[in-house]
Number of protein chains: 2
Amino acid sequence: MITQRAFRCEPWSLTEESLNLDMLAQTESVFALSNGHIGLRGNLDEGEPHGLPGTYLGSMYELRPLPNPEAVYAEPDTSQSVINITNGKLIRLMVDDEPFDLRYGDLRHHQRVLDFRAGTLQRVVEWESPGRCAVRVRSTRLVSFTQRAIAAICYEVEAIEGEVNLAIQSELVANEDLPEVTRDPRSGAVFDHPLVSEEHAAVDHRVLLVHHTILSGLRVAVMMDHELLEGPADCEVRGEAFDDVGRVSVIACCPAGTKLRFVKYLAYGWSASRSRPAVADQVSGAMLAARHTGFDGLLAAQRQYLDDFWDRADVEVDGDDEVQQATRFALWQVLQAGARTERRAIPAKGLTGPGYDGHAFWDTEMYVLPVLTYTLPEAAADALRWRQDTLPLAVERARQLGLGGAAFSWRTIHGEECSGYWPASTAAFHVNAAIADAVIHYLWATADEAFAESVALELLVATARLWRSLGHHDAGRGFRIDGVTGPDEYSALADNNVYTNLMAQRNLRAAVALSARFPERAETLGVDDAERDEWRRAADEMVVPYDAELGVHPQAEDFTRHDRWDFDSTGQDQYPLLLHFHYFDIYRKQVIKQADLVMALYVRGDAFSAEEKARNFAYYEALTVRDSSLSACIQAIVAAEVGQVELAYDYLGEAALLDLDDLEHNTRDGLHIASLAGAWLALVAGFGGMRDHGDTSQAGGLLTFCPRLPGAISRLSFRLVYQGRRLSVAVTGAEATYELREGEPLAIEHHGSRVTLHLGHPESRPIPPLVAGPAPSQPSGRVPIRRTPGSGMG
Amino acid sequence: MITQRAFRCEPWSLTEESLNLDMLAQTESVFALSNGHIGLRGNLDEGEPHGLPGTYLGSMYELRPLPNPEAVYAEPDTSQSVINITNGKLIRLMVDDEPFDLRYGDLRHHQRVLDFRAGTLQRVVEWESPGRCAVRVRSTRLVSFTQRAIAAICYEVEAIEGEVNLAIQSELVANEDLPEVTRDPRSGAVFDHPLVSEEHAAVDHRVLLVHHTILSGLRVAVMMDHELLEGPADCEVRGEAFDDVGRVSVIACCPAGTKLRFVKYLAYGWSASRSRPAVADQVSGAMLAARHTGFDGLLAAQRQYLDDFWDRADVEVDGDDEVQQATRFALWQVLQAGARTERRAIPAKGLTGPGYDGHAFWDTEMYVLPVLTYTLPEAAADALRWRQDTLPLAVERARQLGLGGAAFSWRTIHGEECSGYWPASTAAFHVNAAIADAVIHYLWATADEAFAESVALELLVATARLWRSLGHHDAGRGFRIDGVTGPDEYSALADNNVYTNLMAQRNLRAAVALSARFPERAETLGVDDAERDEWRRAADEMVVPYDAELGVHPQAEDFTRHDRWDFDSTGQDQYPLLLHFHYFDIYRKQVIKQADLVMALYVRGDAFSAEEKARNFAYYEALTVRDSSLSACIQAIVAAEVGQVELAYDYLGEAALLDLDDLEHNTRDGLHIASLAGAWLALVAGFGGMRDHGDTSQAGGLLTFCPRLPGAISRLSFRLVYQGRRLSVAVTGAEATYELREGEPLAIEHHGSRVTLHLGHPESRPIPPLVAGPAPSQPSGRVPIRRTPGSGMG
């Protein structure tokens with residue numbers, strides 16, 4: 001299927017040149033604005049047509065039953081789902097008594113621009129009504145990174161040709177009707193009227209609506225206020241409020257060439273515990289501050305915030321303009337998802353759509369936090385503090401499961417387990433290793449000792465205890481972890497999943513080391529020498545199965561004895577397999593949904609020799625169908641490491657363009673934040689060859705680089721923050737240049753050689769020649785699309 | 001918990017001497033009457049008090065949704081549930097304007113007797129109303145074995161002391177209110193008003209109600225008619241009918257000593273396809289025939305039918321009167337479940353209650369059909385013909401699962417898969433081997449060549465094709481069947497389950513042999529030499545894992561490497577484990593719910609040496625918690641074979657008394673028909689040591705016996721039908737006597753020696769001395785209750 005690319009290729013923004021009604025839901029996700037607290041899908045200002053209306057607040061959810069026909073002990077009977085809350089984006093427009101609706105009349109021009117440096121979504125429309133009145137509408141929308149509760153829209157209507165009567169209704173609407181949900185298990189649940197009105201008030205240009213959810217009992221307050229910037233003198237403005245609707249109307253008669261322009265400010269707040277007046281005052285206070293700042297002030301602060309972000313985090317990709325754009329889009333979205341989440345979950349879709357019910361999974365820690373750790377480390381720390389906040393629930397969950405320590409939820413918003421299919425959730429204990437790993441990498445990257453003592457230690461101890469209780473010493477044969485599910489969801493309940501065991505091993509060792517570094521705090525957590533010895537012994541004796549005959553590591557015990565999936569008889573329309581084959585058959589055969597053993601080659605690269613990596617990668621490459629958006633970026637990283645840089649480049653393209661080109665056909669439900677983060681990983685860990693394996697007994701880690709570019713990329717440069725410093729790395733085909741841009745001197749490694757960086761003294765090193773084996777093959781029909789720079793993906 | 005035994009110990013009946021309201025639901029199951037088509041729970045005639053009202057028709061079900069929060073491809077979203085249909089048992093009685101309700105007034109005497117030879121449930125009550133009127137009520141209820149659509153109740157009221165005014169309302173009631181369902185997954189679903197009225201008519205003493213179910217669209221007609229046998233001359237009788245109620249009222253004034261006595265005849269019929277008039281005429285015709293026979297005629301036919309059954313099937317147990325009674329009760333219940341099922345499913349609970357939603361499982365073939373095969377073979381044949389009738393559904397199911405041949409449903413009424421938890425259902429492919437095994441044993445036991453060609457071959461070919469497609473040849477390492485669930489439900493999705501692989505092996509070999517015996521019919525099924533070779537090769541190379549270090553067979557690959565369940569820390573109140581621990585933990589540890597490898601030792605005893613059997617039995621005995629009612633009888637059989645006869649005797653007690661003593665506390669939902677059948681198996685295959693392993697290439701099998709009694713049983717005798725003959729076997733401590741009671745001479749084996757039996761010439765052989773190893777041990781707290789003859793179980 002080859003379609004026109006939706007967006008113009010440009011370095012710092014994403015421009016849609018015309019409106020495609022069939023792609024509305026997808027572009028609503030792509031143009032969603034968020035600061036991690038407020039999420040506004042890119043719905044048109046006038047509300048309709050729409051793909052999927054969406055206004056979200058981070059961690060604002062409703063409960064819903066999880067019916068299980070044959071109940072399993074300790075499995076949840078309730079789930080949490082993100083809900084579409086009060087929509088403040090709505091600005092309805094009547095042009096001479098005809099609604100401004102782009103499905104009718106004549107749409108002369110429609111452009112939307114998402115600007116990664118301004119942090120705004122701008123829109124320009126020229127439209128002629130069926131009654132032949134022409135207007136130009138411009139809007140600029142932002143969700144503020146600097147004022148967390150605030151979004152704002154500058155809205156302007158101009159009569160182009162003759163005098164028009166304009167009626168504008170700027171609204172707050174709760175309990176919007178939503179389209180029917182699909183049967184795809186990856187979509188979210190849809191609630192009918194989840195909000196109950198508690199208060200509504202209108203004063204002049206300002207309206208307040210307060211609601212609460214029925215089952216979860218969360219209270220949400222939304223206030224809008226308006227500032228008229230330009231318009232005819234005789235504008236009539238009126239505010240009114242009802243249970244589920246607040247409305248400020250502006251009536252004006254505009255001669256040709258005159259503009260009606262105003263700013264709509266939105267303040268959002270929610271609370272599980274504060275009273276109605278307190279939550280109302282909270283949004284009212286935020287509104288006062290925003291009005292004080294003003295729209296220009298918000299714009300300026302937004303740009304300053306982003307200037308600083310790009311100074312720390314920008315990635316330049318010379319030679320592939322599409323990947324350049326996609327990479328900045330990816331960083332922008334990771335920032336939007338994580339910037340101001342502040343001790344709440346970072347969902348798989350950020351706040352761009354209702355997919356996966358707004359749940360957070362392990363990929364937040366394994367894909368998103370690595371990016372934040374090296375670009376906005378305080379956001380990574382906050383995400384881990386959220387996990388710490390949910391520790392009491394995780395400890396209780398472990399107790400329910402008969403385990404020690406903490407068992408974090410596979411999918412959740414508030415902390416409670418929300419999955420409905422335990423073989424791929426409760427049994428996927430590697431989520432706990434992901435949290436520990438994010439902690440370990442955060443410590444290496446920041447040497448944040450306060451965090452180490454107050455957050456990291458508790459998380460590492462709780463997860464180490466889990467592993468110790470989950471595995472057992474099989475006399476003389478090592479420490480086994482049986483019956484668990486690894487990252488690859490096309491296997492389940494297997495023994496000694498190599499990824500899980502190796503991640504648990506590092507988790508255990510990190511707990512040993514950190515508790516030794518903070519003995520007093522460790523003692524308050526009940527850690528003693530005997531327990532540390534148990535952790536050490538479990539780690540040292542960890543079983544890592546190996547198939548000596550094939551010379552590869554089985555993904556889990558006996559995996560390589562299983563029948564191979566019959567790829568040749570599988571039609572391309574039968575992917576993703578999970579929607580066309582029964583799990584029983586998928587689980588029992590050699591077929592890989594997503595990198596699992598290959599992910600271990602990356603994240604526990606220290607546990608494999610270079611030869612093992614190459615052999616394992618080739619073996620699993622032939623079995624991997626990439627039915628998960630989490631796979632391509634990891635395959636890119638390992639492909640690059642084993643010298644298959646052109647293959648890595650293909651996978652980079654897939655990861656980077658997943659949402660912009662809607663490769664999985666579900667971008668409508670929200671963006672794949674982890675895959676977007678994976679584009680950064682593919683570039684930095686893949687072509688930059690960056691690793692931070694460190695030493696768990698030290699406060700900080702050691703950055704190493706083995707950069708190597710594919711032919712099409714002439715130069716790659718990326719910026720990092722590391723232990724309070726700012727670094728940049730620039731790679732060409734011939735050499736890599738490392739620069740310390742801020743901070744104390746730092747030792748790094750380039751292709752195994754130590755390089756010490758000093759401020760103002762860039763160091764260049766040549767890139768050694770490539771030695772790679774033959775290219776591995778993929779399953780029939782699952783070869784990644786060969787990436788040609790600038791060609792687009794489809 | 002030691003409670004009074006509920007029933008008097010006697011050889012040919014089950015007498016309850018007084019009414020225990022707390023045990024009503026249990027006794028309703030125990031006193032349920034059925035012929036396999038109609039099932040009437042033992043509810044009191046007057047309807048209340050009740051534990052659980054229940055009136056069932058074989059395979060009469062309603063559909064209900066199976067909600068799955070995370071849908072799995074090809075898993076059912078609809079289930080079938082047995083429903084409580086129109087209750088015809090009700091005979092309400094008013095005594096001088098006070099309802100005959102045993103919760104009030106003074107209950108002087110209450111006795112119920114289930115008579116295994118008469119085939120009736122008799123009741124005698126003496127009751128004094130709160131208003132001091134005393135009456136004696138006698139009722140005799142039967143469900144006819146000879147007239148499949150007919151049940152009848154002879155009801156008599158007698159004024160004991162003074163004149164009483166009696167008002168009797170004999171009713172048909174549809175859509176009865178039912179008690180709330182529990183959360184135990186083993187209970188059934190409850191429907192609110194599942195029946196929609198289509199017709200109601202009352203003529204004189206006769207009432208007809210016709211209803212249909214809403215979703216399954218099944219039509220049910222019930223007719224009652226009444227015959228007044230005795231009563232005052234001025235009796236007033238009136239019939240009336242409404243949508244959900246039919247009523248025949250009798251008003252009479254009875255002086256002391258006079259009786260009002262009548263027979264209520266009930267005719268039941270249902271159809272998925274026949275019209276309302278056709279189904280109404282069907283019950284009307286059955287009613288005409290029953291009225292022609294009359295109640296005494298029905299009683300006489302019932303006794304004659306049962307005399308013949310006991311002549312073929314009786315088992316005598318001298319030395320343990322409780323087991324004697326329990327064994328006849330068990331045979332009675334197996335007969336009730338299977339006698340007139342006639343190409344419909346035989347449910348796990350028979351028609352005694354709504355447990356397991358009225359579904360049939362694999363245990364029908366593995367536990368119930370062996371009893372029927374040797375006592376009422378035509379019923380076994382009909383049960384297998386039902387499976388053949390569902391073949392198109394099973395072929396389609398296999399296709400959905402990407403498999404060849406047929407995949408029969410794990411649980412069903414009509415044939416479609418009805419399970420809601422696939423790791424313990426869809427993955428439990430051994431149900432297909434169970435069907436094949438029942439076919440194979442039926443052929444050995446009957447040499448029924450017509451069945452072999454028209455039924456057996458098609459079933460064996462379809463199941464053999466399933467196994468061939470389910471497994472794969474792992475180069476040089478044999479034919480593997482990965483990722484399936486064996487009988488033990490405390491493991492799931494394991495590789496090379498020994499039981500499954502060995503059963504598949506025999507299935508494949510039987511298909512090879514039978515298709516060679518019927519080449520033309522095989523050709524019409526598409527079987528050619530190449531396919532037969534594939535089956536043969538798969539069978540010959542079948543992987544049977546063995547742990548050489550421990551000298552035992554692992555239940556499935558790597559099983560013996562798993563952690564052992566911590567039995568010492570498991571409280572006795574934490575059984576059954578599935579209600580107190582998560583499956584993830586149960587599955588990954590060495591803990592056995594029910595005989596699996598040990599079942600293989602019995603059903604594929606030809607595949608193990610005597611030493612292997614003893615070692616395996618001891619190993620698994622220490623891991624088996626018997627949280628399934630399917631386990632004890634199999635453990636009894638294998639314990640007896642390996643010489644642990646006293647342990648076998650303990651397990652026999654548990655199997656035989658499971659429902660009479662309500663050992664699993666869920667007899668209220670219906671009887672455990674398979675465990676009842678298991679009591680017969682424990683005696684005949686256990687202490688009688690009977691096997692029929694046969695040779696799949698022959699038309700008939702070879703019966704072998706290795707009898708050996710526990711100390712408490714002085715003599716065991718049992719009767720069998722075999723290849724058209726009638727046999728009896730009598731065993732004492734010293735010798736066994738084999739007698740051919742009817743039919744041509746037959747060769748059998750006694751402890752390995754050939755014995756040829758001729759009519760009228762009993763052959764006695766001594767029993768060789770016992771050589772047994774040390775007694776195996778059970779998990780802490782799971783030692784079976786030591787059986788002391790006549791002591792009762794608790």
Side-chain angles (χ1 to χ4, degrees), chain A residues 64-76 79 183-185 189 400-403 419-427 429 470-474 477 480-485 491-496 557-558 561-564 566 577-589, chain B residues 64-76 79 183-185 189 400-403 418-427 429 470-474 477 480-485 492-496 557-558 561-564 566 577-589:
Chain A
R64 65 182 176 92
L66 273 182
N68 277 296
E70 298 186 28
V72 171
Y73 174 80
E75 279 300 287
S79 181
R183 272 187 58 94
D184 187 328
Q400 280 177 1
L401 299 174
L403 297 169
S419 56
Y421 178 61
W422 75 264
S425 55
T426 297
F429 286 98
L470 191 63
H472 77 284
H473 289 279
D474 182 27
R477 287 197 185 78
R480 297 172 61 94
I481 300 178
D482 291 335
V484 303
T485 301
S491 289
L493 309 186
D495 296 346
N496 298 307
E557 204 138 349
D558 299 327
R561 298 273 69 76
H562 292 171
D563 204 5
R564 288 172 80 95
D566 185 355
L577 298 179
L578 69 96
L579 298 185
H580 300 90
F581 298 92
H582 196 288
Y583 275 137
F584 106 84
D585 203 29
I586 293 173
Y587 287 172
R588 62 204 286 277
K589 289 184 177 160
Chain B
R64 65 181 176 91
L66 271 182
N68 277 296
E70 298 185 27
V72 171
Y73 174 80
E75 280 299 288
S79 181
R183 273 186 57 93
D184 187 327
Q400 282 177 1
L401 299 174
L403 297 169
C418 291
S419 57
Y421 178 62
W422 74 265
S425 55
T426 296
F429 287 98
L470 191 64
H472 76 285
H473 290 278
D474 182 27
R477 287 198 186 76
R480 297 173 61 94
I481 300 177
D482 292 335
V484 303
T485 301
L493 308 186
D495 296 346
N496 298 308
E557 204 137 350
D558 299 328
R561 299 272 68 78
H562 291 171
D563 205 5
R564 288 172 81 95
D566 186 355
L577 297 179
L578 69 96
L579 297 184
H580 300 91
F581 298 91
H582 196 289
Y583 275 136
F584 105 84
D585 203 28
I586 293 173
Y587 287 172
R588 62 204 287 278
K589 289 184 177 159

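Convention: sequence-line order gives letters A, B, ...; per-chain numbering from 1. These numbers come from a predicted model, not from an experiment.
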Peer 1: Please identify each residue that fulfils salt bridge (charged side-chain N to carboxylate O under 4.0 Å, His left out) with Asp566(B), with sequence neighbours left out.
Peer 2: none
Peer 1: Can you see which heavy atom on Val484(B) is nearest to which on Phe429(B), and at what distance?
Peer 2: CG1-CD1, 3.8 Å
Peer 1: Heavy-atom cut-off 4.5 Å, strictly under: side chain, backbone, both or neither for Arg480(B) against chain A?
Peer 2: side chain
Peer 1: Against chain A, label Asp495(B) side chain, backbone, both or neither, depending on which of its atoms sit under 4.5 Å from a heavy atom there.
Peer 2: side chain
Peer 1: Is there a donor in the side chain of His582(B) and an acceptor in the side chain of Glu75(A), or the other way round, less than 3.5 Å apart?
Peer 2: yes
Peer 1: May I ask you to name which of Tyr421(B), Phe581(B), Trp422(B) has the most heavy-atom pairs under 4.5 Å with chain A?
Peer 2: Trp422(B)
Peer 1: Tell me, for Tyr587(B) versus chain A, whether the close heavy atoms (under 4.5 Å) come from the side chain, the backbone, both or neither.
Peer 2: side chain
Peer 1: Between Ala492(A), Gly420(A), Ser419(A), Ala74(A), which shows the greatest number of heavy-atom pairs under 4.5 Å with chain B?
Peer 2: Gly420(A)
Peer 1: Using modelled atom types only, decide if a donor and an acceptor are shared between the side chain of Thr485(A) and the backbone of Ala424(A) within a distance under 3.5 Å.
Peer 2: no
Peer 1: Which pair of non-hydrogen atoms, one from Pro67(B) and one from Pro65(B), has the smallest distance, and what is that distance?
Peer 2: CD-O, 3.4 Å
Peer 1: With chain B, which of Arg477(A), His562(A), Arg561(A) has the greatest number of heavy-atom pairs at distances under 4.5 Å?
Peer 2: Arg561(A)
Peer 1: By a 4.5 Å heavy-atom criterion (distance strictly below it), what part of Asp563(A) contacts chain B: side chain, backbone, both, or neither?
Peer 2: both
Peer 1: His580(A), Gln400(A), His472(A): which one forms the most heavy-atom pairs within less than 4.5 Å of chain B?
Peer 2: His472(A)
Peer 1: Considering only heavy atoms, which portion of Ser425(B) lies under 4.5 Å from any heavy atom of chain A: side chain, backbone, both, or neither?
Peer 2: neither
Peer 1: Counting only non-hydrogen atoms closer than 4.5 Å, does Glu557(B) touch chain A with its backbone (N, CA, C, O), its side chain (CB onward), both, or neither?
Peer 2: side chain
Peer 1: Between Asn68(B), Leu401(B), Leu493(B), Leu66(B), who has the most heavy-atom pairs with chain A when the cutoff is under 4.5 Å?
Peer 2: Leu401(B)
Peer 1: Which heavy-atom pair separates Gly483(A) from Ala427(A) by the least distance, and what is that distance?
Peer 2: O-CB, 4.4 Å
Peer 1: Excluding sequence neighbours, so at least two apart, what forms salt bridge (charged side-chain N to carboxylate O under 4.0 Å, His left out) with Asp585(B)?
Peer 2: Arg588(B), Lys589(B)
Peer 1: Please state whether the side chain, the backbone, both or neither of Ile586(B) comes within less than 4.5 Å of a heavy atom of chain A.
Peer 2: neither
Peer 1: Give the C-alpha distance, both sets of side-chain angles, the deciding distance and a yes or no for side chain to side chain contact (heavy atoms under 4.5 Å, CB included) between Tyr73(A) and Leu578(B).
Peer 2: CA-CA 7 Å; Tyr73(A) 174 80; Leu578(B) 69 96; over 6 Å; no
